[in-house]
Amino acid sequence: MERKTWVVLENNPEVMNQLALKLGLSSELSFYDVWSLDEPELLAHVPRPVLALLVIFPRTPAWEKERQEEDAVKGDYDGFGPEEPVIWFKQTIGNACGSIGFLHCAINGPAAQYIRPDSDLDKIRRAAIPLRMNDRADMLYNSVPFEEAHKSCVQIGDTAPINEDALGQHFVAFVKVNGRLWELEGSRKGPIDRGELGDDEDLLSPKALDLGIKRTILLDQEAGGNDLRFSCIALARKA
């Protein structure tokens, strides 16, 4: 049977804030554009601490090579239950990487405290926790509220809807949980622990950027590439 395929969402605050509203994340939180990784004046509009980052990376040869090498030594992900360090979803819906990236941002770490009780987002999170990888993916695949929320955001944004393969890019979420930086992407073999962060280091701290976004950009640069087709938005509490 042909798998379900959606239209990919645009990675901008307007789209993701609408998805957050639709699914049930408190309006106390908001997504903000990240216009620079190095210039403080271009980050001054982003409230701190940042609770999560949602990033689109270009699928460069260097990044693809690293992804394949990292995943080749991993077995099937077996995390589940309340002791699972982060809640991770395997992506089985075509072009749903933006909505799944949003889920990874919203249901992990401090952001989860802002989920409205009994909302669709709350129900998805609670349903996911006791499930193993494939059952969790099936639950999300068959979630009508999740699909309706995604489809309600397709026409929002600055560019015409397009599919993920045509973009040649992919969504990745970064969250901080229990002092660790986690990289979450539904097409990988599982969540990736990228290293330790201090109590005073949020997702836009120099160390978090070096372990996360900049590390991936550097892979391309060291291989002789210069693909700058990435975008980033930050989830934070409204000032």
Side-chain angles (χ1 to χ4, degrees), residues 8-13 16 30-74 85-86 88 91 97-98 100-106 108-111 164 167-236:
V8 70
L9 297 182
E10 189 172 323
N11 190 36
N12 73 32
M16 293 303 165
S30 182
F31 283 94
Y32 297 85
D33 279 310
V34 175
W35 292 322
S36 172
L37 302 180
D38 302 296
E39 301 176 61
E41 63 272 18
L42 295 180
L43 294 172
H45 67 289
V46 181
R48 309 293 285 270
V50 167
L51 307 182
L53 294 178
L54 186 56
V55 187
I56 283 185
F57 287 116
R59 293 206 296 261
T60 63
W63 190 38
E64 284 293 326
K65 180 175 181 290
E66 186 205 47
R67 288 153 59 87
Q68 292 171 9
E69 290 173 349
E70 286 184 329
D71 286 350
V73 298
K74 295 182 177 180
V86 288
W88 175 80
Q91 181 180 337
C97 56
I100 291 176
F102 163 79
L103 281 186
H104 285 149
C105 289
N108 287 298
E164 184 181 337
L167 280 173
Q169 298 167 298
H170 210 69
F171 281 84
V172 179
F174 291 96
V175 298
K176 179 184 178 182
V177 180
N178 295 328
R180 311 295 298 182
L181 175 67
W182 290 90
E183 180 179 316
L184 306 173
E185 181 190 343
S187 62
R188 300 298 299 268
K189 294 291 286 287
I192 302 171
D193 182 350
R194 289 298 184 198
E196 184 178 6
L197 295 176
D199 292 343
D200 60 342
E201 293 174 317
D202 71 354
L203 276 299
L204 280 181
S205 67
K207 186 175 181 181
L209 292 174
D210 286 343
L211 292 172
I213 299 176
K214 289 185 175 182
R215 189 195 64 81
T216 302
I217 294 171
L218 190 60
L219 285 172
D220 182 48
Q221 293 175 342
E222 290 180 340
N226 190 34
D227 194 331
L228 298 177
R229 292 177 302 135
F230 73 92
S231 67
C232 177
I233 59 175
L235 180 64

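Please read these numbers as outputs of a predicted model, since none were measured by experiment.
Residues passing the side-chain contact (heavy atoms from CB on, under 4.5 Å) test with R180 are W182, D193, E196, sequence neighbours excluded. Legend: residues meeting side-chain contact (heavy atoms from CB on, under 4.5 Å) with L37, ordered by chain and number and at least two apart, are V34, L209, I213, K214, I217, F230.
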Stepwise ring-ring contact (aromatic ring centres under 6.0 Å, His included) test for H45 and W35 = CA-CA 10 Å; H45 67 289; W35 292 322; 4.2 Å; yes

request  = In sequence, state the C-alpha distance, the side-chain angles, and the governing distance for L235 and L54, and then conclude on side chain to side chain contact (heavy atoms under 4.5 Å, CB included).
outcome  = CA-CA 8 Å; L235 180 64; L54 186 56; over 6 Å; no

key: Derivation and outcome, side chain to side chain contact (heavy atoms under 4.5 Å, CB included), residues V175 and L184   = CA-CA 8 Å; V175 298; L184 306 173; 3.8 Å; yes

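At least one donor-acceptor pair under 3.5 Å links the side chain of R59 to the backbone N or O of Q169. Put simply, the side chain of K189 gets close to the backbone of K74: a donor and an acceptor are under 3.5 Å apart. In this structure a side-chain-to-backbone donor-acceptor pair under 3.5 Å is missing from D71 to R188.
Within 6.0 Å of atom NZ in K207, more than 12 heavy atoms from other residues, nucleotides or ligands are found, so the atom counts as buried in its surroundings.
A distance of 7.5 Å separates SG in C105 from CD1 in I233, rounded to the nearest 0.5 Å. Taking SG of C232 as the start and OH of Y32 as the end, the distance is 14.5 Å to the nearest 0.5 Å. Atoms CG and CG, from L181 and D202 in turn, are 11.0 Å apart once rounded to the nearest 0.5 Å. Once rounded to the nearest 0.5 Å, the distance linking SG of C97 with CD1 of I56 reads 7.0 Å. Taken from NE2 in H170 to CZ in F57, the straight-line distance is 11.5 Å, to the nearest 0.5 Å.
For the pair P110 and L51, the minimum side-chain heavy-atom distance is below 4.5 Å. L9 has its side chain within reach of M16: a pair of non-hydrogen atoms, C-beta onward, lies under 4.5 Å apart. Residues V172 and T216 form no side-chain contact, since every pair of their non-hydrogen atoms from C-beta on lies 4.5 Å or further apart. With a 4.5 Å cut-off on side-chain heavy atoms, L43 and D38 do not count as touching. Using a 4.5 Å cut-off on side-chain heavy atoms (C-beta onward), F171 and E185 make no contact. Under the 4.5 Å side-chain criterion, counting only non-hydrogen atoms from C-beta, W63 is not in contact with D220. Taking 4.5 Å as the limit, every side-chain heavy atom of I192 sits out of range of all side-chain heavy atoms of R67.
The aromatic rings of F102 and F31 lie tilted to each other, with the angle between the two planes from 30° to 60°.
For A173 against H104, the heavy-atom pair with the smallest separation is CB-CB, 3.8 Å.
One finds no salt bridge joining K176 and E201 here, because no Lys/Arg side-chain nitrogen approaches an Asp/Glu carboxylate oxygen to under 4.0 Å. Electrostatic pairing of R194 and E70 counts as a salt bridge here, judged by a charged N lying under 4.0 Å from a carboxylate O.
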